[in-house]
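Following: one structure in structure tokens, then a few remarks.
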Amino acid sequence: MKVVRTLRVSAEELFAYFESIAEIALEEEHAGEEGYEAPQLAPGVVFRLDADNPYACTTCEVLEFEPGRRYRYHASNTDERLTVSFEVELARKGIQVTYDETLDGAEPGVASAARLGRMSQDLYDIEKRLIDARAGREETDALALNPALWIVDSLMQKRAQRDAKAYRAWSRFRGSRF
């Protein structure tokens with residue numbers, strides 16, 4: 001699935017963001033190893049997001065990394081395997097980002113629309129973080145600093161909203177019958 005959006009940030013900012021996510025994940029994974037220095041993001045580099053959580057741990061292997069132009073990686077966790085890519089072109093007011101996710105073995109369906117919406121929101125959230133960072137506002141929210149955790153949290157919030165709607169509907173039905 002592919003989403004194309006224009007973001008009001010530079011390609012350098014976007015790719016520095018990608019590099020920082022990998023660097024933070026690698027440093028967390030190798031915490032306590034004396035003298036460890038995270039490698040530059042390049043094809044073949046493997047890092048884990050949420051490595052200490054067996055249910056949310058996502059392993060990412062970099063397939064392509066051309067700063068300012070293209071970033072592609074394979075991600076897998078206990079539930080799914082997908083290939084993610086970002087391609088960047090200059091636009092009149094920022095950059096045009098093509099964000100593509102290919103879920104291994106997935107068939108198009110109802111979940112496709114929800115996934116496209118999430119992908120679009122992910123790009124806008126990244127844009128907001130970068131603009132905030134440029135303005136000197138610091139991120140203090142752990143969810144904002146960890147994309148894998150943010151995805152799990154947003155899914156849990158949606159589930160809670162759906163459950164709350166179902167409870168309200170049941171309460172109205174029950175109230176009208178008794």
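Cys57 contributes atom SG, which lies 8.0 Å from atom CG of Leu49 (distance to the nearest 0.5 angstrom). Arg129 CZ to Leu14 CG: the interatomic distance, rounded to the nearest 0.5 Å, is 11.5 Å. With values rounded to the nearest 0.5 angstrom, Ile131 atom CD1 is found 8.0 Å from Leu7 atom CG. Put simply, CG on Asp104 and OG1 on Thr83 are 5.5 Å apart, with the number rounded to the nearest 0.5 Å.
Considering only residues two or more places apart in sequence or on other chains, Phe65 meets the ring-ring contact (aromatic ring centres under 6.0 Å, His included) condition with Phe15, Tyr71. Not counting sequence neighbours, Arg69 has no partner by the side-chain hydrogen bond (donor to acceptor under 3.5 Å, both in side chains) test. In this structure Glu29 satisfies the side-chain hydrogen bond (donor to acceptor under 3.5 Å, both in side chains) test together with Arg48, sequence neighbours excluded. Arg5 is linked by a salt bridge (Lys or Arg N to Asp or Glu O under 4.0 Å) to nothing, counting only residues two or more places apart in sequence or in another chain.
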Atom pairs and distances, donor-acceptor, side-chain atoms in residues 31-47, under 3.5 Å, two or more places apart:
| from | atom 1 | to | atom 2 | distance (Å) |
| --- | --- | --- | --- | --- |
| Glu33 | OE1 | His30 | ND1 | 3.2 |
| Glu33 | OE2 | His30 | ND1 | 3.0 |

Side-chain donor/acceptor pairs under 3.5 Å, residues 84-103, sequence neighbours excluded:
| from | atom 1 | to | atom 2 | distance (Å) |
| --- | --- | --- | --- | --- |
| Tyr99 | OH | Glu101 | OE2 | 2.6 |
| Asp100 | OD1 | Met1 | N | 3.4 |
| Glu101 | OE1 | Arg115 | NE | 2.9 |
| Glu101 | OE1 | Arg115 | NH2 | 3.2 |
| Glu101 | OE1 | Arg118 | NH2 | 2.8 |
| Glu101 | OE2 | Arg118 | NH2 | 3.1 |

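Side chain of Asn77 to main chain of Glu80: a donor-acceptor pair is present (N/O by atom type, distance under 3.5 Å, no hydrogens or angles).
Pairs passing the salt bridge (Lys or Arg N to Asp or Glu O under 4.0 Å) check and including a residue from residues 7-16, sequence neighbours excluded, read Arg8-Glu127, Glu13-Arg134.
Cluster membership check: Ile21 shares its hydrophobic cluster with Tyr124, using side-chain heavy-atom separations under 4.5 Å among Ile, Leu, Val, Met, Phe, Trp and Tyr.
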